[in-house]
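Working notes, beginning with the structure itself.
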Amino acid sequence: MPPLARRNLFHDKIRLMVTLTGIIFAVVLIVVQLGLFFGFTTSTKSVLDHSQADLWITARNTPYVDVAVGFNERKFYRVLATPGVAAAEKYIVRWSQWKNQSGRTESVEVVGVDPNKLMGLPWNVVEGDASQLRQPHAVMVDEIYKEKLGVHKVGEWFEVRGYRVKVVGFTRGIRAFTTAPYVFTSFKNAQDFCIFDADQTNFVLVKAAAGVDLKQLQAELQRRLPDNDVYRTQEFAEKTSNYWMFTTGAGISVLMGAVLGLVVGLVVVTQTIYATTMDHIREFGTLKAMGAPNSYVYRVIITQAAIAAVMGYSMALVVTFFVTYGGSSSGAPIMVSWRLLVIMFFVTVGMCVTAGVVSIKKVMGLDPAMVFRG
Amino acid sequence: MEHEIAIAVSGVTKTYSEGSSATRALNGVDLVVRSGELTLMMGPSGSGKTTLLSIMGCILRPTSGTIQVAGRDVTALNERQMPAVRLRHMGFIFQGFNLFPTLTAGENVELSLQLKGTSGAAGKKEARRLMELVGLGEKYDQYPRNLSGGQQQRVAVARAVAGSPEVILADEPTAALDSHSGRSVMEILQSLAREQQRAVVVVTHDNRILDFADRTVHMEDGMVTQS
């Protein structure tokens, strides 16, 4: 069988390069923009997602995790006394100031945890151990922010709001949505670094006992703590990411970038495949004049589009790898999951085939008598 | 010897409308094309030759009148049925050759055969036979761009006769060729008519090929003036 679709695509190498470049550009643009969107969305709520907690207790009307005001830790004991609670821990997340060895200051977000417990600990620890946060003055930071914070290695000393701190380990890939890196330390240290009174916390994390209905426990805790809010972790994570992504300029910029990436990508692919089909419009006219059934012409155009989609997508994967690899060492969190890649494969094939279908409409509208017009 | 009627055109008119203006391209044409004959259609530009050829080839619909192809009235066929008639009964040769540039010469013929239901090894074998019939067996794997105009038109002839259609319709097949290549193409068309009993209709302005005609039809102002 003469492979017309494949030949149409491969015959003109320069045209093929242009077609593939269009698809690669579109796919990379969409994947990177969506990856940035997901990366930023994830980074807004990473401490929640990795907290291991089932419920978060905050001061009343806390809009998102980064701005919770403090409340008296006596409520922590009321939580512990609630039936269905397996564990509860005090937890602090609050802005502070980091001063590096040259005296330069940076905003940081201090995360105060109980290193003897299980909830809220730093994750992806690549150097040191979370248990080392038990040491006095101990902090852990993410390796992405080494340069920003002036950190070179474990054992170095810095200052957080005038308190001396020692770096005891590094995490990997814990990005903050804002420019302020997370600094993990003990709950006690965090109280000092964030100017909390000795009996204050701004969160209580709760682990429900096995088999307990989470919504019932949430309602019960809410009843016992009428001056606080009780959220399921997922609920508070969504509230936090919605705040950052939909009510701040930064979040909306990322969102608009993703939407624009999708639209521009769609337009580029559609235009590219449409142009590829139009390059062969006279041949399709000849096919129709010869009496080729419409189904044959459809098959040629759609096969052409599908081959271009698979090739373009495969090459785009390589480019995306290098782009995301480059992004991983910077502050830009491009989160490209396997699920996104699988979805993008179908989106790419869908875009190309749709563009093919659009050009089919043009081809089907051809007057076969055009072949007699020289 | 009485030849069979391949196409019968009766009282055909064709009017092109554009906005409020209408142009009558054919004005009551009656014509019979027989198998085994090479018919030349001549006439000045705008006389309606190509329009009549398109209507005989089931590419255009007449405004009124009837067309019979191989004894069957095709006037009332719908848009889906017309391509099937073209595929089964017609072979087309165009002034600009209209070969598929991304396929080799042989594959161009194979494609036509494939559309008509012969593919695989059988299609390849038949395509090779047809390429040899037009004297281009050794050019089977050449792309059209590597062939001369005359050779490309001979490939177009091989493609047109693929699947043994009863009717070959050619629009100015020699217009883009030098006289030698033009005669060579016409010799093939003449032998298709005489030896294989095809009905061959050639629209032309080219007086150099008059001696190949079994019959010449003159057209003027949308009417057959001499047949």
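Quick caveat, the model's predicted, so the values are computed rather than measured. Letters A, B, ... are given to chains in the order of the sequence lines, protein chains preceding strands, and every chain is numbered from 1.
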* Indicate yes or no for a side-chain donor-acceptor contact from B:Lys116 to the backbone of B:Arg88 under 3.5 Å, with no hydrogens or angles considered. => no
* Exam field: side chain B:Glu126 to backbone B:Ala162, donor-acceptor pair closer than 3.5 Å -> no
* Asked: Is a side-chain donor or acceptor of A:Tyr313 paired with a backbone partner of A:Leu341 at a separation under 3.5 angstrom?
  -> yes
* Give a yes or no answer on whether the side chain of B:Glu132 reaches the backbone of B:Arg129 with a donor-acceptor pair at less than 3.5 Å. => no
* Structure fact -> Interface check, chain A: of B:Val85, B:Val203, B:Leu115, most non-hydrogen pairs under 4.5 Å belong to B:Leu115
* Is the charged tip of A:Lys288 near the ring of A:Phe284: under 6.0 Å from the six-membered ring centre and within 45° of its axis? -> no
* To do: Could you pull out all residues at least two apart from A:Arg172 that satisfy salt bridge (Lys or Arg N to Asp or Glu O under 4.0 Å)?
  => A:Glu143
* Go through B:Gly123, B:Pro101, B:Ser112 and name the one with the most non-hydrogen pairs under 4.5 angstrom from chain A. => B:Pro101
* **Contact leader toward chain B among A:Met290, A:His280, A:Arg6, where contacts are heavy-atom pairs under 4.5 Å** => A:Met290
* To do: Anything in residues 137-154 of chain B with a heavy-atom distance to chain A below 4.5 Å? Please list those residues in order.
  => B:Tyr143, B:Arg145
* Asked: Is the number of heavy atoms from other residues, nucleotides or ligands within 6.0 Å of CZ (A:Phe322) greater than 12?
  -> no
